[in-house]
Protein chains: 2
Amino acid sequence: MSQNAPADPQIAPEQGGGKRQLLREKNRLTLLEATLDSIAEQGIAETSVSEIIARAGLSRGMIHLHFGGKENLVEAAAELSNQRYYEQLERHLAASGDRPQDKIVAIVRSDLSEEVLNTRNVSVWYAFRGEARKRAVIAGLSDTRDTRMGGLAKRSFVAIARAEGHTHPRAVARDASNGTLAILEGMWTDYLLHPDRFNRGDAARIVFRFLAAMFPAHFNLSGAR
Amino acid sequence: MSQNAPADPQIAPEQGGGKRQLLREKNRLTLLEATLDSIAEQGIAETSVSEIIARAGLSRGMIHLHFGGKENLVEAAAELSNQRYYEQLERHLAASGDRPQDKIVAIVRSDLSEEVLNTRNVSVWYAFRGEARKRAVIAGLSDTRDTRMGGLAKRSFVAIARAEGHTHPRAVARDASNGTLAILEGMWTDYLLHPDRFNRGDAARIVFRFLAAMFPAHFNLSGAR
DNA sequence: CATTTCAATGGACGATCGTCCATTTTATTG
DNA sequence: CAATAAAATGGACGATCGTCCATTGAAATG
């Protein structure tokens, strides 16, 4: 988690942080970005301290200074990447309509958007997944993701299944939620392995093909009805 | 060591494999298994030569002797894991009926079977995925998987979509094939992150919930109709 | 049984790993 | 403009990495 407290004695509110603190934060972020870049391009196995500081253009000691060690840096990078994922999701949700099907469409669109589903993010995400069993912090991020998105999707699908007149709306909704998130996972894998031939429109159509078959009154091939 | 036959590699039949060759093959396999174990438990990043030979109970030079280096060993381990995946798939396909929906059911059942979907396989598979971008050999394995399973699924779904009277059976089949494989991918991720709470029956039901919605004359919640 | 053959051993090697800290640089304070 | 405080530097350190080969051991051969 957090180890080296920045120990900021006073945050000068009228100055918005002195030049010194500003540079410090900038360097911290530079290290995180360099780490994500390296992991995306070379994988975690090839991402060494030397590799990171070379990309960041900073000195060797910075990693220990800012993060206390390589491991904490890598985990902080994972958290940053995860946080950005959620920022995009919240953005899409905020811009969506209020109907339950609108929320589902927002989740799908966010997960397949260029800001979320791109080479760097996917590479980084799968690199971390490969380490999830060994790193509790990283496993925790995936759990949070499950809980937040899964909860929202489930609630939306319950309303949809009820409106469609299903006899067991909650069972249907649970399966629809898990299935939709699973299929989005699969789309990420597709993108990881074939970033060139991947097509966002095709991916969305596949998702909505399933959803339209299950809830024809609420979805069609291009999203919400 | 006399009963634990290595399931005959490609040894010339007239040689029958002397005791020397038998031991050699056994050690080779021991190295591969130790590598897969280490990758599954510690991840690729923590899988060193020292770690592998300690697990295998063999000497340091064996890796260079048998594989020429660590990289080749890791790639051979990936190929072995992939090969075993296909053996299970072929087994399920051979035991299935001949109707197209039977083939789809066989693919799903194989992908969710205990022999295929277990902690070790999933951990190993995701570890390799994280390196797919950097290792051409590993990326190639995923491609093969796409081609073989994707082709079979697509052909089956075309027949199914035609029988269901869809106006654009090939477009429907393409989406159904990609969607089904994607959702199976997602189930693997579920298992990776929550091996304890994962339920094979639930996973299969989710898949068939989607398929039954799309092809009600061919599938129901428990598989083929 | 003596000899040949080849797999297996395990230590040496230089390279690289991540950590840490004495020193230098630079912003801030008095 | 000094004096001070904090951040950044970059090299030293021991540990560990993966590779390689001279040597050992055991199976095959005659």
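Keep in mind that what you see is a predicted model, and the values were worked out from it rather than measured. Scope of the values below: all heavy atoms of this structure, side chains included, with no hydrogens, waters or symmetry mates.
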Atom-to-atom span, [atom1] of [X] to [atom2] of [N] - whole angstrom:
X: Gln21(A); N: dT28(C); atom1: CD; atom2: P; answer: 9 Å
X: Arg28(A); N: dA8(D); atom1: CZ; atom2: P; answer: 12 Å
X: Asn27(B); N: dG10(C); atom1: CG; atom2: P; answer: 13 Å
X: Phe67(A); N: dA7(D); atom1: CZ; atom2: P; answer: 14 Å
X: Asn72(A); N: dC20(C); atom1: CG; atom2: P; answer: 11 Å
X: Ile53(B); N: dC20(D); atom1: CD1; atom2: P; answer: 17 Å
X: His66(B); N: dC6(C); atom1: NE2; atom2: P; answer: 15 Å
X: Leu73(A); N: dT19(C); atom1: CG; atom2: C1'; answer: 14 Å

Measure from the side chain of [X], starting at C-beta and using heavy atoms only, and say which of [options] lies closest.
X: His64(B); options: dC17(D), dT9(C), dT19(D); answer: dT19(D)
X: Lys19(B); options: dC17(C), dA7(C), dA27(D); answer: dA27(D)
X: Lys70(A); options: dT19(D), dT9(C), dG18(C); answer: dG18(C)
X: Arg20(A); options: dG18(D), dT28(C), dG10(D); answer: dT28(C)

Inset, instruction - Would you classify Arg60(A) as touching base, sugar-phosphate or nothing, given that sugar-phosphate means primed atoms plus P, OP1 and OP2, and contacts are heavy atoms under 4.0 Å? - result: base
Inset, instruction - Determine the contact category for Ile63(B): base if any of its heavy atoms lies under 4.0 Å from a base atom, sugar-phosphate if only primed atoms, P, OP1 or OP2 are that close, otherwise nothing. - result: nothing
Inset, instruction - Determine: side-chain N/O of Ser59(A) to OP1/OP2 of dA8(D), distance under 4.0 Å, yes or no. - result: no
Inset, instruction - Taking only the side-chain nitrogens and oxygens of Ser50(B), find out if one of them lies under 4.0 Å from OP1 or OP2 of dC17(D). - result: yes
Legend entry - Contact nearer the 5' end of DNA chain C, comparing Gly61(A) with Glu46(A): Glu46(A)
Inset, instruction - Answer whether the closest heavy-atom distance between the side chains of Lys103(B) and Asp98(B) falls below 4.5 Å. - result: yes
Legend entry - Check: Ser110(B) and Tyr86(B) side chains under 4.5 Å, non-hydrogen atoms: no
Inset, instruction - Answer yes if the side chains of Gln21(B) and Glu25(B) hold a donor-acceptor pair under 3.5 Å, and no otherwise. - result: no
Inset, instruction - Please indicate whether Arg170(A) has more than 12 foreign heavy atoms, meaning atoms of other residues, nucleotides or ligands, lying under 6.0 Å from its CZ. - result: no
Legend entry - Sidechain N-carboxylate O distance under 4.0 Å for Lys134(A), Glu71(A): no
